[in-house]
Amino acid sequence: RSSAASDVYKRQFLDYNNRLEVTYSDYFLDYDKAAATLQSLRNSNPQFQELLAAFQNCNEKNLDLAALLITPIQRFPRYILLLSDLRKKTWLLHPDKVNLEKACISFQNITNKFNSKIAKAESLNKVIEIIHNITG
């Protein structure tokens, strides 16, 4: 037997799982570079510092750009925690129990893939840096 929540889950999450992974994958891979660029500009460009201050003053939570940039990175662990907690509090025979378990596994798998891609990209960057140092 299926519930309305279960049907929504199937339609919204399972059907878009690949799109979710593709969308976030590039962001995860480029985050460190973006954060380093932001820090470099913040340290070297007074006009950019003024722009960042103005930006921080106009957003409703008064967050700086660095805090906003990390938000999507923090989202996946939060989803995993939320779904795990919901799964633990859902009784065993509830019609959504299986889909909650699938969602937890899926988010964990996506997160593991991101972490693996990030590690591979970091290793590749180190190799490129070594080659650059050798060839000068």
Side-chain angles (χ1 to χ4, degrees):
R1 187 177 148 217
S2 177
S3 73
S6 182
D7 291 341
V8 168
Y9 166 79
K10 286 178 197 171
R11 195 171 52 249
Q12 295 299 318
F13 182 76
L14 290 177
D15 294 344
Y16 296 106
N17 193 10
N18 288 337
R19 191 178 305 174
L20 182 73
E21 185 177 337
V22 169
T23 300
Y24 275 87
S25 184
D26 289 340
Y27 192 88
F28 271 63
L29 288 172
D30 291 335
Y31 170 76
D32 285 338
K33 190 183 300 182
T37 301
L38 174 63
Q39 188 62 39
S40 174
L41 286 169
R42 180 182 281 152
N43 292 339
S44 65
N45 188 330
Q47 291 174 323
F48 189 71
Q49 290 174 9
E50 290 174 23
L51 179 67
L52 288 176
F55 172 77
Q56 185 172 350
N57 290 332
C58 22
N59 72 68
E60 64 185 47
K61 293 185 179 184
N62 205 30
L63 295 172
D64 70 351
L65 186 55
L68 293 172
L69 283 174
I70 192 84
T71 301
I73 305 293
Q74 296 169 331
R75 192 167 287 146
F76 276 81
R78 287 181 184 161
Y79 288 157
I80 293 168
L81 290 172
L82 172 69
L83 290 168
S84 294
D85 191 45
L86 188 57
R87 184 187 69 200
K88 288 176 192 171
K89 293 180 177 164
T90 302
W91 37 279
L92 190 59
L93 298 176
H94 192 279
D96 295 328
K97 183 75 171 186
V98 171
N99 285 331
L100 284 170
E101 290 173 0
K102 287 180 184 177
C104 287
I105 291 167
S106 183
F107 268 101
Q108 189 61 56
N109 287 341
I110 291 171
T111 302
N112 290 342
K113 284 180 186 177
F114 288 156
N115 290 338
S116 176
K117 286 180 181 181
I118 290 168
K120 285 178 185 176
E122 288 173 351
S123 294
L124 181 61
N125 286 338
K126 287 179 184 176
V127 169
I128 291 170
E129 184 179 329
I130 291 168
I131 291 170
H132 180 64
N133 288 338
I134 291 171
T135 61

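The main-chain N or O of Ala119 is found under 3.5 Å from a side-chain atom of Ser123 such that the two form a donor-acceptor pair. Of the possible polar contacts, none joining the Tyr79 side chain to the Gln108 backbone as a donor-acceptor pair under 3.5 Å is found.
Both Phe76 and Leu86 belong to a common hydrophobic cluster when Ile, Leu, Val, Met, Phe, Trp and Tyr are linked at side-chain heavy-atom distances under 4.5 angstrom. Under the 4.5 Å side-chain heavy-atom criterion for Ile, Leu, Val, Met, Phe, Trp and Tyr, Leu81 and Phe107 are members of distinct hydrophobic clusters. Val98 and Ile80 fall into different hydrophobic clusters, where Ile, Leu, Val, Met, Phe, Trp and Tyr residues are linked whenever their side-chain heavy atoms come under 4.5 Å apart, directly or through other members. Under the 4.5 Å side-chain heavy-atom criterion for grouping Ile, Leu, Val, Met, Phe, Trp and Tyr, Leu100 is not connected to Leu82 through any hydrophobic cluster.
Atom CD of Gln74 has more than 12 neighbouring heavy atoms from other residues, nucleotides or ligands inside a 6.0 Å radius.
Note that CG of Leu65 is 9.0 Å distant from CG of Leu51, once rounded to the nearest 0.5 Å. With rounding to the nearest 0.5 angstrom, the CD1 atom of Ile73 is 10.0 Å from the CZ atom of Arg75. Atoms CD and OG, from Gln39 and Ser44 in turn, are 10.0 Å apart once rounded to the nearest 0.5 Å. The line from CD of Gln49 to CG of Leu41 is 10.0 Å long, rounded to the nearest 0.5 Å. Atom NZ of Lys117 sits about 8.0 Å away from atom CG of Asp26, to the nearest 0.5 Å. Atoms CG and CG, from Asn99 and Leu83 in turn, are 11.0 Å apart once rounded to the nearest 0.5 Å.
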Inset, instruction - Apply side chain to side chain contact (heavy atoms under 4.5 Å, CB included) to the pair Ile110 and Tyr24, showing each step before the final yes or no. - result: CA-CA 9 Å; Ile110 291 171; Tyr24 275 87; 6.0 Å; no

Inset, instruction - Evaluate side chain to side chain contact (heavy atoms under 4.5 Å, CB included) for Leu52 paired with Leu38, printing each intermediate quantity in order. - result: CA-CA 10 Å; Leu52 288 176; Leu38 174 63; 3.9 Å; yes

Legend entry - side chain to side chain contact (heavy atoms under 4.5 Å, CB included) assessment of Asn62 paired with Gln56: CA-CA 5 Å; Asn62 205 30; Gln56 185 172 350; 3.5 Å; yes

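Closest approach of Tyr27 to Leu68, counting heavy atoms only: OH-O, 4.5 Å. The shortest non-hydrogen separation linking Asp64 to Arg42 is OD2-NH2, 3.7 Å. The two residues Cys104 and Ser84 make their nearest non-hydrogen contact at SG-N, 3.5 Å. Of all heavy-atom pairs between Phe55 and Leu63, the closest is CE2-O, 4.2 Å.
Put simply, the residue from Arg87, Lys88, Lys89 that forms a salt bridge (Lys or Arg N to Asp or Glu O under 4.0 Å) with Asp85 is Lys89.
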